[in-house]
Structures are given as structure tokens and as C-alpha cells.
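Here is the structure we will look at, set down as C-alpha cells.
Every number for a ligand or one of its atoms is a count from 1 in the order of the listing. Side-chain atoms are counted along with the backbone in the values below, which use heavy atoms only and exclude waters and symmetry mates. All residue numbers refer to positions in the sequence shown, counting from 1.
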Amino acid sequence: MSRFKDRSCPVCRVTFKDTDDIVVCPECGTPHHRECYMSIGECGVSAYHAEGFVWKGMLPDEEKKAQQEALEKAAQEVEDRREFVSSDPHVAEYPSGVPGQNVNSTRGYGEADSGNGLPEMDALSQIPDPYQSVYRSIREITEDEVRGKDGVSGKELCYFAGKSIIHYAQAFNAFRNGVMRNGKLQPVKVFFNFCSGLFSPIHQFYRRMDILGIVMLLISGIASLPGVFLYWFQEKAIELSASMVSTLDILSAVGNFIGLGSTVLLCVFGDYLYYRYCVRRIKRIRVNYDDGKAEGYYTALTESGAPSRLRAVIGILANMLMAQFVMRLPLIL
Ligand SMILES: [Zn+2]
Ligand SMILES: [Zn+2]
């Protein structure tokens with residue numbers, strides 16, 4: 001009986017009591033009130049039998065909800081790194097605690113909390129398997145202090161990137177350690193990030209890659225010039241020689257191609273460029289923190305690396321100004 005305590009019947013959704021007469025589905029093991037089982041003549045979750053559902057304490061919908069919540073909670077925990085870093089100095093560097101290092105937070109990731117005597121729901125074990133292993137590996141990357149061939153550690157990179165760690169931890173790992181292909185770890189420079197290309201140059205400014213942002217801004221401006229001139233000549237009914245028209249046509253096609261090409265390139269290689277940028281900046285910051293051993297180092301990494309909304313706004317304005325400038329250029333000349 002005790003294992004059904006606080007669990008609910010799939011038919012009436014009422015929590016079982018000690019005195020209830022309970023029957024268990026022979027196929028999936030879900031407990032029901034005998035009356036409820038009899039009233040519908042089959043298991044209350046028989047719809048889930050086909051997908052192999054087995055009762056482990058939760059009904060299928062409760063299980064999905066718990067998994068979703070645990071996944072969100074876990075994602076939030078990584079995303080909230082900045083707040084963790086700046087709060088309690090004892091847990092500052094390790095949001096979830098490092099076993100054996102600190103009496104106040106001896107809880108490793110996904111371990112039960114023995115501190116307050118109350119067993120806590122193991123958040124991570126509720127995450128379905130493919131996500132769980134991904135999450136565990138991200139967790140390892142964000143806490144890895146060993147410097148790689150590039151001279152920086154996974155932890156430094158993740159603290160510097162500051163936001164969207166789930167994405168960037170995987171990207172950095174692919175660049176630094178390679179990805180499995182045909183059973184072998186192979187180095188890559190490709191990692192898809194559609195924001196990087198589609199929201200260029202705003203995304204580059206947001207991620208503090210000012211030089212790349214300016215380059216992208218100039219490329220998009222210059223690439224659209226032939227089209228703007230062609231449009232303007234037609235609008236003003238200015239007579240052009242046939243060869244001039246065809247030259248402008250070709251140039252504007254080339255411009256479109258360059259614009260599209262740079263978008264695609266950033267979608268594909270944007271994260272690699274960002275990774276190189278992070279490595280350079282981290283090494284520069286580290287010098288001021290006793291080779292990374294000084295207090296406040298990781299906080300400083302996050303502060304100087306984490307994306308900035310203000311910069312995104314400046315990027316949007318710069319993009320608009322560039323568009324306006326290009327549109328008016330024929331008038332100026
Ligand atoms: Zn019932
Ligand atoms: Zn069943």
C-alpha cells in the first residue's frame with residue numbers, strides 16, 4: 001500500500017488512501033481504485049500501453065509535466081549563472097555546490113539533498129534520457145577548469161559567454177574536442193546558429209564582437225549599393241547606356257549574392273568566430289586576475305563577456321542608419 005500513497009487513480013484522479021481497495025493494471029502496473037477500474041472495464045491509461053508506458057509512481061501526463069518542469073528548472077539554473085555568481089560568495093563559483101567543499105552546499109548535481117533531512121526530488125533524473133545526458137555533459141563542460149590546447153577552460157568560456165550556455169557549451173565543446181563522426185572524434189569549425197546570420201550585425205554587437213559587427217554592417221551596406229543606384233536611376237528616369245544598365249544589373253546580383261552569402265557564412269561559422277573571440281578576450285582578462293587565481297575572476301569574465309542588450313539596440317540603430325545612408329547616397333553624389 002505504501003508505494004501507492006499520495007499517488008492518484010488515473011480514472012477519478014483522487015489520491016489513494018490507506019483503506020482504498022486498489023487493483024493494478026497487469027500490463028503497465030498503474031494502480032486504480034477497484035471500482036474505477038471496473039467502471040471503465042480497462043486500464044485508465046491504456047492509451048499509453050502502445051508506447052510502452054510503465055507506471056513508476058506517476059501517470060503519463062504527470063510524468064510529462066514533471067519532466068518539462070525539471071528541464072525548464074535545469075535550463076534556468078544554467079541561464080541564471082550570473083545571479084548565482086554575484087550572490088552567496090560560498091556557492092559563487094558552483095551554483096549547485098561541489099561535494100565535499102562546502103558544508104552549506106554539499107549537493108552535487110542531481111543528488112538528493114541530505115542537508116535539511118528532507119529528500120528532494122531529483123530534478124535531473126526526471127529529465128528524459130537524451131536530454132539528461134546532454135544536460136550532464138553541458139554541466140561537465142561548464143565546470144571543467146582544465147585548460148585545453150587553446151589555453152582556456154570550458155568553465156572560463158561558459159562564464160564569459162554568460163547567456164545561452166546550453167547552446168554555446170555544446171558549440172565550444174565541438175570546436176575544442178570535436179564531434180563523433182563515423183565512430184571517431186573529429187574537429188569541426190561548423191556549428192549552426194541561425195541568430196548569428198539572420199540577425200547580423202545585431203547579434204554580433206549583442207555578443208560584443210564589435211569589429212565583426214562593423215564589418216558585417218559595411219558588407220551589407222556596400223552589397224546593396226548597386227541595387228539602390230539601379231532603382232534610383234529608373235525612378236528618376238535617368239537615361240543610362242545599355243552597357244551601364246547591364247553592369248549595374250550584374251553588380252546588384254553580385255551584391256545580393258554577397259549579402260546572402262555572408263548571412264549563410266555567419267549561420268555556419270558565426271559560433272566559431274565567437275569562440276575565437278572568447279578565447280582572446282579571456283586570456284586578456286586573466287592577466288589582471290593572477291592567471292585566473294584571484295578572487296572575482298569568474299564574475300569579471302561574466303561581466304565583460306555576457307551579451308549586452310544596449311549593444312543590441314545600438315546595433316539595430318546602426319543598421320537602420322546604414323540603410324538610410326545607402327538609400328540617400330545617390331542624392332548626395
Ligand atoms: Zn479512482
Ligand atoms: Zn495499464
> Measuring from Lys17:NZ to Asp20:CG, what's the distance to the nearest 0.5 Å?
Replying inline: 5.0 Å
>> Rounded to the nearest 0.5 Å, what separates atom CE in Met216 from atom CG in Leu265?
In response: 8.0 Å
> Do you know which N/O/S atom name in His33 is closest to the Zn ion (ligand 1)?
Replying inline: ND1
> Taking the Zn ion (ligand 2) as the vertex, how big is the angle to SG in Cys28 and NE2 in His49, rounded to 10°?
Replying inline: 100°
> Parallel, tilted or perpendicular for His33 and Phe16, by the 30°/60° rule?
Replying inline: perpendicular
> Is the Zn ion (ligand 1) less than 2.8 Å from at least one N/O/S atom of Cys12?
Replying inline: yes
> Is Glu62 salt-bridged to Arg13, cutoff N-O under 4.0 Å?
Replying inline: yes
